[in-house]
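Just follow the structure's listing: the first ligand is 1, and inside any ligand the first atom is 1. For the single chain, residues carry numbers from 1 onward in sequence order. As the structure is a prediction and not an experimental result, all values here were calculated from the model.
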Amino acid sequence: MTTVATTVPVTLDRDAPGPLGSQLSARIRDLVVAGTLGHGDRLPSSRALARGLGVSRSVTEQAYDQLVAEGWLEARRGSGTFVAAGSAIGTGTTARPRPAGAPALTWLDAGTPWIDPRHAVGWRRAWREVSTARPPRGYEDPRGIPELRAELAERLARTRGLSVDADEVAITCGTTDGLRHLVAALPDGAVAMEDPGYRAAVETVRATGRPVRDLPALEPVTNLAGVVAAYVTPAHQHPLGRVMPAVDRLTLLASATAAGALVVEDDYDSEFRYDVAPVPALASLDRDRVAYLGTAAKAVAPSLRLGWLVAPPDVADRVHARRRITHDTAPWPVQRAFLALLRDGYVDRVVRTARRVYAERAPRVAAALAPYAEPAGPVAGMYSAWLLPRPVALAAQRAAREAGFGVNLLADYCRSADLSGLVVGFGGVTDEELDRALAVLTRALDRAAGSSRS
Ligand SMILES: Cc1ncc(COP(=O)(O)O)c(C=O)c1O
């Protein structure tokens with residue numbers, strides 16, 4: 001039955017760190033997950049809630065926008081804000097390429113971030129610090145430098161809603177390395193992976209000899225019978241860009257629980273949302289079912305080869321035991337430099353600058369391509385995917401190549417999925433390169449549209 005909530009049972013702690021809007025969205029999300037607010041319930045208007053809580057309306061609007069973006073709430077024009085379908089199902093969860101191509105091409109690569117050269121001073125400072133530090137004498141804890149794990153645990157709690165102890169964080173050589181460790185700790189069996197999806201992750205799993213089962217990336221995962229793990233990118237589906245809706249998150253967790261499968265969450269670029277605050281990690285909904293993978297590839301550089309992993313305790317124990325015997329750890333100098341970069345504020349500065357750059361470039365890309373193509377998802381991060389008929393996408397790719405630009409086809413990321421279009425990265429180029437590339441693409445798309453009309 002639809003109920004109209006005149007108020008919602010939340011209180012805000014004004015002394016707690018962080019914005020009040022984030023606090024409010026977390027409280028409302030908890031009420032929805034717990035089923036206190038059910039599907040179809042209408043929330044008070046942002047104005048009424050603000051009055052009731054004694055906060056400004058921007059606080060309640062920010063909280064509602066965030067929860068709508070995550071799929072917990074839906075805004076119906078003219079009638080209000082409602083709990084979205086399926087969000088209130090109880091889950092029993094705990095609360096707690098570069099692509100190959102001619103080297104002369106300038107690639108609009110989806111995975112390459114913008115690193116502002118003005119931050120070079122901080123980079124050099126960190127490496128000077130490494131050069132004067134004394135490396136450990138022996139094979140240390142395979143999980144990595146304790147101080148770095150503590151810094152990351154604090155960040156995960158603050159930015160990803162993931163409350164973990166430093167002991168639960170393990171440093172890796174990036175997402176694919178973390179995935180490799182996880183897969184090695186699982187019993188024999190297939191791994192389900194999003195399709196379209198991250199090619200490096202798929203190849204990493206295939207290299208272990210395991211079969212890969214294709215999971216249609218935009219459909220709810222209702223059956224994981226027969227697989228040992230499911231790899232997903234819920235905060236920003238790669239490469240379509242969609243945020244996995246709340247109801248699909250719960251369905252995925254329920255399917256994984258029923259199948260006894262591990263969910264592997266690749267959280268590769270969540271710090272680069274510029275419309276709403278980052279969507280909390282899926283792992284924050286069920287720490288016993290989800291292994292979380294983070295990376296420094298976007299915030300610092302893919303070439304740093306540094307990442308982190310938080311796994312359910314039994315999986316983590318097996319991962320660490322294997323790494324201890326094989327000395328399969330992240331290099332100490334890289335860990336030490338990343339620690340210095342975090343402490344110095346370098347990572348935060350780079351992320352802030354890059355986010356501003358992406359927030360400015362994304363609409364430019366959209367303005368150029370939207371007249372010809374449909375966006376595959378909301379625009380966030382450093383790339384966007386555009387749906388186009390296959391011959392048109394191929395013609396645009398060819399025209400870009402002739403002008404010296406490389407751009408990937410959406411089909412390059414598909415296995416069984418039948419999608420066509422372009423994936424346009426805008427992080428690894430200059431403004432001038434991006435403008436030239438967009439001019440070439442729009443000319444090609446214009447020609448294609450003209451020839452289909454005639
Ligand atoms: C979906 C996805 N996950 C993770 C990464 C980063 O992987 P790694 O940390 O292994 O460099 C990328 C880089 O492009 C990516 O696109």
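- What you find for A110 and V423 is that their closest heavy atoms are CB-CG1, 3.8 Å.
- Set against the non-hydrogen atoms of G174, the atoms of ligand 1 under 4.0 Å away are 9 (O), 10 (O).
- Taking every non-hydrogen atom of K298 and a distance limit under 4.0 Å, the qualifying atoms of ligand 1 come out as 12 (C), 13 (C), 14 (O).
- Relative ring orientation between Y346 and H119 is described as perpendicular, the plane-to-plane angle rising above 60° on a 0-90° scale split at 30° and 60°.
- Geometrically, R361 engages W114 in a cation-pi contact defined by less than 6.0 Å to the ring centre and at most 45° from the axis.
- Shortest non-hydrogen contact noted between A340 and E129 is CB-OE1, 3.7 Å.
- Close N/O approach between T295 and ligand 1 is found [any backbone or side-chain N/O within under 3.5 Å].
- Contacts of T176 with ligand 1, taken as heavy-atom pairs under 4.0 Å, involve both backbone and side chain.
- Close approach of ligand 1 to T175 is summarised as follows: ligand atoms under 4.0 Å from at least one heavy atom of the residue are 4 (C), 6 (C), 7 (O), 8 (P), 9 (O), 10 (O).
- Residue-to-ligand polar distances keep D177 apart from ligand 1: every N/O pair is separated by 3.5 Å or more.
- Counting the atoms of ligand 1 from 1 in the order shown, those under 4.0 Å from a heavy atom of R305 are 8 (P), 10 (O), 11 (O).
- Ring planes of H238 and Y413: perpendicular class, angle over 60° (limits at 30 and 60°).
- Taking every heavy atom of G111 and a limit of under 4.0 angstrom, the matching atoms of ligand 1 come to 14 (O).
- Ring-plane geometry between Y383 and Y268 is classed as parallel, the angle between the planes falling under 30 degrees on a 0 to 90 degree scale with a further cut at 60.
- Residue-to-ligand polar distances keep Y231 apart from ligand 1: every N/O pair is separated by 3.5 Å or more.
- Considering backbone and side-chain atoms together, Y198 places an N or O closer than 3.5 Å to an N or O of ligand 1.
- Residue A297 touches ligand 1 through its side chain alone, judged by heavy-atom distances below 4.0 Å.
- Smallest separation of non-hydrogen atoms from C173 and T329: SG-O, 4.2 Å.
- Taking 4.0 Å as the cut-off between side-chain N and carboxylate O, E151 and R155 do not count as a salt-bridged pair.
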